[in-house]
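Keep in mind that the numbers below use all heavy atoms, side chains included, and drop hydrogens, waters and symmetry copies. Convention: sequence-line order gives letters A, B, ...; per-chain numbering from 1.
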Amino acid sequence: MTGNVPFVAPLPKGFFRRDAVTVARDLVGAAIYVRGVSGRIVETEAYRQDDAASHSFRGPTRRNAAMFGPAGCAYVYRSYGLHLCLNVVCAAGEAVLLRALEPLTGQDIMTQRRSQMPLRQLCAGPGRLSQALGITPGDNFRPFDRTDFFLSGADHTPDIVQGPRIGISRATELDWRFGQAESPYLSRPF
DNA sequence: CTCTGGATCCACT
DNA sequence: GTGGATCCAGAGC
């Protein structure tokens with residue numbers, strides 16, 4: 001296994017203010033730092049306003065307000081009444097769902113938060129990822145612009161695979177799920 | 001106001 | 001592979 005050393009490469013200005021599909025692809029291989037723990041992003045999904053599977057499809061509401069806020073901020077929502085899911089806001093009404101990480105630092109903390117789950121499953125899924133990172137509803141709207149809440153560019157360009165998004169019932173024909181090829185930390189194989 | 005169905009995870013069979 | 005947990009936003013009346 002390689003790449004267990006954290007890296008920091010600030011993303012270019014305007015990186016997030018783009019099409020969510022482009023950002024979703026470009027975030028594979030990037031790293032996320034949240035309050036002392038970090039991971040490499042190995043799986044993402046894009047959601048756009050012209051996309052029947054997106055929370056933003058029918059325009060701004062109270063829940064999806066962050067999706068219409070500044071690019072580069074978090075959109076956090078509760079799923080199935082239990083889990084939290086973490087997105088990064090892109091262009092207006094668009095966001096990238098972070099679906100899986102390869103744990104980098106703070107593995108002990110993440111393991112504790114995740115009830116001693118094995119490394120491979122620590123961040124393999126949007127709810128698991130949010131729990132491992134300690135994301136709360138209070139992180140909704142939070143900009144990724146601090147050392148303890150940050151998104152870094154990739155330290156190398158991984159091979160990318162893509163396919164249909166998971167767990168949706170509309171717009172299933174769109175291949176807007178992106179992953180790092182052959183990563184053992186994916187929520188599901190492609 | 002009521003009703004429905006999730007951008008999920010986990011335990012169990 | 002299946003079903004339960006758990007709850008609230010959004011839609012419709």
**From CZ (A:Arg128) to SG (A:Cys85), nearest 0.5 Å** = 12.5 Å
**Asked** Going from CZ on A:Arg48 to CG on A:Asp19, what distance comes out if it is rounded to the nearest 0.5 angstrom?
**Response** 4.5 Å
Find the distance [X]:[atom1] to [N]:[atom2] and express it as a whole number of Å.
| X | N | atom1 | atom2 | value |
| --- | --- | --- | --- | --- |
| A:Gln116 | B:dA11 | CD | P | 13 Å |
| A:His83 | B:dG5 | NE2 | P | 19 Å |
| A:Leu122 | B:dC10 | CG | P | 10 Å |
| A:Met67 | B:dA7 | CE | P | 12 Å |
| A:Arg114 | B:dC9 | CZ | P | 8 Å |
| A:Tyr80 | C:dG3 | OH | C1' | 13 Å |
| A:Arg170 | B:dG5 | CZ | P | 11 Å |
| A:Arg99 | B:dA7 | CZ | P | 11 Å |

**Complete:** Checking N1-N3 plus N6-O4 or O6-N4 for Watson-Crick, or N1-O2 and O6-N3 for wobble, each under 3.5 Å, the partner of B:dA7 is none
**Prompt:** How is A:Ile168 classified with respect to the nucleic acid when contacts are heavy atoms under 4.0 Å: base, sugar-phosphate, or nothing?
**Reply:** sugar-phosphate
**Message:** What's A:Arg177 touching, base or sugar-phosphate or nothing? Going by heavy atoms closer than 4.0 Å.
**Reply:** nothing
**Message:** Nearest to the side chain of A:Asn64, heavy atoms from C-beta on, is which of B:dG6, B:dA7, C:dG10?
**Reply:** C:dG10
**Minimum-distance nucleotide (side-chain atoms of A:Met117 versus C:dT6, B:dA7, B:dC10)** = B:dC10
Is the distance from OP1 or OP2 of [N] to the nearest side-chain N or O of [X] less than 4.0 Å?
| X | N | value |
| --- | --- | --- |
| A:His55 | B:dA7 | yes |
| A:Ser169 | B:dG6 | yes |
| A:Thr61 | C:dA9 | no |
| A:Arg78 | B:dT8 | no |
| A:Arg128 | B:dC10 | yes |
| A:Arg63 | B:dG6 | no |

**Request:** Check whether the ring centres of A:Phe149 and A:Phe144 lie less than 6.0 Å apart, and answer yes or no.
**Result:** yes
**Request:** Determine the Euclidean distance between corresponding P atoms of B:dT2 and C:dT6; express it in Å to zero decimal places.
**Result:** 22 Å
**Asked** Ring stacking, A:Tyr47 with base of B:dA7, under 5.5 Å and under 30°?
**Response** yes
**Prompt:** A:Pro126 versus A:His83: any side-chain heavy-atom pair under 4.5 Å?
**Reply:** no
**Message:** Tell me whether the side-chain N or O atoms of A:Tyr77 pair up with the base of C:dA9 as donor and acceptor below 3.5 Å, since no angle test is needed here.
**Reply:** no
**Request:** Select from A:Gln121 and A:Glu45 the residue whose nearest nucleotide in DNA chain B is closer to the 5' end of that strand.
**Result:** A:Glu45
**Request:** List the steps and the verdict of side chain to side chain donor-acceptor pair (under 3.5 Å) for A:Arg114 and A:Gln131.
**Result:** CA-CA 7 Å; A:Arg114 295 266 314 124; A:Gln131 188 182 11; 2.8 Å; yes
**Aromatic ring pairing A:His55/A:Tyr77, orientation class (parallel under 30°, perpendicular over 60°, tilted between)** = perpendicular
